[in-house]
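Side-chain atoms are counted along with the backbone in the values below, which use heavy atoms only and exclude waters and symmetry mates.
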Amino acid sequence: MSETTKKKPSVWQAFAQPAAWTMLLFGFSSGLPFLLVAGTLSYWLKQHGVVLKEITVIASAGMLYAFKFVWAPLLDHWQAPVFARLGRRRGWLLLAQIGVIVGLVAMAWLTPAQLAAFVVATLAVAFFGATQDIAVDAYRIEIAPPDQQGALVATYSLGYRIGLMVAGAFALILADHVDWAHVYFAMAAVMLVISVLLVSLSFFL
């Protein structure tokens, strides 16, 4: 048995490492904002009486995710404003998460009653959510060797799907009991908790 084979971690070790748990949380924080600027948002707009044509345009903010390749190279060459001392990847990740949180709070605060400003807040959430995806992909490659990347992709995918369920089914159920503004405030609070946990976990990487 070669030296390399002896040192290769088991499947359980790969999934138990802090990097895998970190990617689970990153997956959740990436999946959460996606539906909040797309499918889930359309229910709020419809309930508020926004016409179908405007709903289609506003909920299309999620399309920013499809164009994230346009500004992805910038994240490899520029440091994140304010958070540069954290490093290129961590700086962009923290900036993106704060942007999502502030954007969700702004959406909840403004509501569709102030439609123009509400649309700007929605676009901000989509932009920072897509930016977070870019930074997470790069960060994942850097925090673990190639033979452990499979576990990180798996935990990221699991977290992403949990995030989609929370922003989709859970948010809709919650909207039956409280108004939509409070739903979005709750989603911002969840995102804040995840961000704090990720900052804490980063000290173990």
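Scanning all heavy atoms of the two residues, the minimum distance from V105 to A188 falls at CG2-CB, 3.7 Å. Across every non-hydrogen atom of L35 and L164, the tightest pair is CD1-O, 3.4 Å. The two residues S30 and V136 have their closest heavy-atom pair at OG-CG2, 4.2 Å. For the residue pair D133 and Y156, the shortest heavy atom distance occurs at OD1-OH, 3.9 Å. Of all heavy-atom pairs spanning G129 and P33, the tightest one is CA-CG, 4.4 Å. Pairing each heavy atom of A80 with each of L95, the nearest pair is CB-CD2, 4.2 Å.
Proximity of a side-chain donor or acceptor of W109 to a complementary backbone N or O of L104 within less than 3.5 Å is not detected. Between the side chain of Y43 and the main chain of A175, no donor-acceptor pair closer than 3.5 Å is present. With hydrogens and angles disregarded, no donor-acceptor distance shorter than 3.5 Å links the side chain of T111 to the backbone of A108.
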Next item on the list: Output, in order, the C-alpha distance, side-chain angles, deciding distance and verdict of side-chain contact (heavy atoms from CB on, under 4.5 Å) for M187 and V166.
Entry: CA-CA 9 Å; M187 295 297 108; V166 171; 4.1 Å; yes
Next item on the list: Please test M165 against I162 for side-chain contact (heavy atoms from CB on, under 4.5 Å), starting from the C-alpha separation and ending with a verdict.
Entry: CA-CA 5 Å; M165 288 190 291; I162 295 173; 4.2 Å; yes
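With rounding to the nearest 0.5 Å, the separation of CZ in F28 from CE in M191 is 9.0 Å. For the atom pair NE2 (H48) and CH2 (W180), the distance works out to 13.5 Å, reported to the nearest 0.5 Å. Taking CG from L93 and CD1 from I98, the interatomic distance works out to 11.0 Å, rounded to the nearest 0.5 Å. The structure places CD of E142 at 9.0 Å from CZ of R88, a figure rounded to the nearest 0.5 Å. Atom CG of L198 sits about 6.5 Å away from atom CD1 of I194, to the nearest 0.5 Å. Atom OG of residue S29 and atom CG of residue L197 lie 10.5 Å apart, to the nearest 0.5 angstrom.
Ring centroid separation for the pair Y160 and F26 does not come in under the 6.0 Å cut-off.
Atom CH2 of W71 sits in a crowded spot, with more than 12 heavy atoms from other residues, nucleotides or ligands closer than 6.0 Å. Residue-environment remark: OH (Y65) exceeds the threshold of 12 foreign heavy atoms within 6.0 Å. Residue H77 places its NE2 atom among 12 or fewer non-hydrogen atoms of other residues, nucleotides or ligands, all under 6.0 Å distant. Counting heavy-atom neighbours within 6.0 Å of F83 CZ, excluding the residue itself, gives a total above 12.
Using a 4.5 Å cut-off between side-chain heavy atoms of Ile, Leu, Val, Met, Phe, Trp and Tyr, with links allowed through other members, W92 and V70 fall into the same hydrophobic cluster. There is a path of hydrophobic side-chain contacts, each under 4.5 Å, that joins L36 to V178. Hydrophobic cluster membership differs between L64 and V120, with clusters built from Ile, Leu, Val, Met, Phe, Trp and Tyr side chains linked at under 4.5 angstrom. A single hydrophobic cluster is seen to contain both V193 and V102, as judged by linkage of ILVMFWY side chains at heavy-atom distances under 4.5 Å, directly or through other members. At a threshold of 4.5 Å between side-chain heavy atoms, the hydrophobic network of Ile, Leu, Val, Met, Phe, Trp and Tyr places L75 and W78 in one connected group.
Looking at L41 and L45, their side chains come closer than 4.5 Å, going by heavy atoms from C-beta outward. The shortest distance between side-chain heavy atoms of T131 and K68 does not fall below 4.5 Å.
Ring geometry for W44 versus F118: interplanar angle over 60°, hence perpendicular rather than tilted (30 to 60°). Ring pair F69/F67 is tilted by interplanar angle, where 30° to 60° counts as tilted.
With respect to D76 and R89, a salt bridge is recorded, a charged nitrogen being found less than 4.0 Å from a carboxylate O.
W21 and T155 share no donor-acceptor pair across their side chains, judged by distance under 3.5 Å alone.
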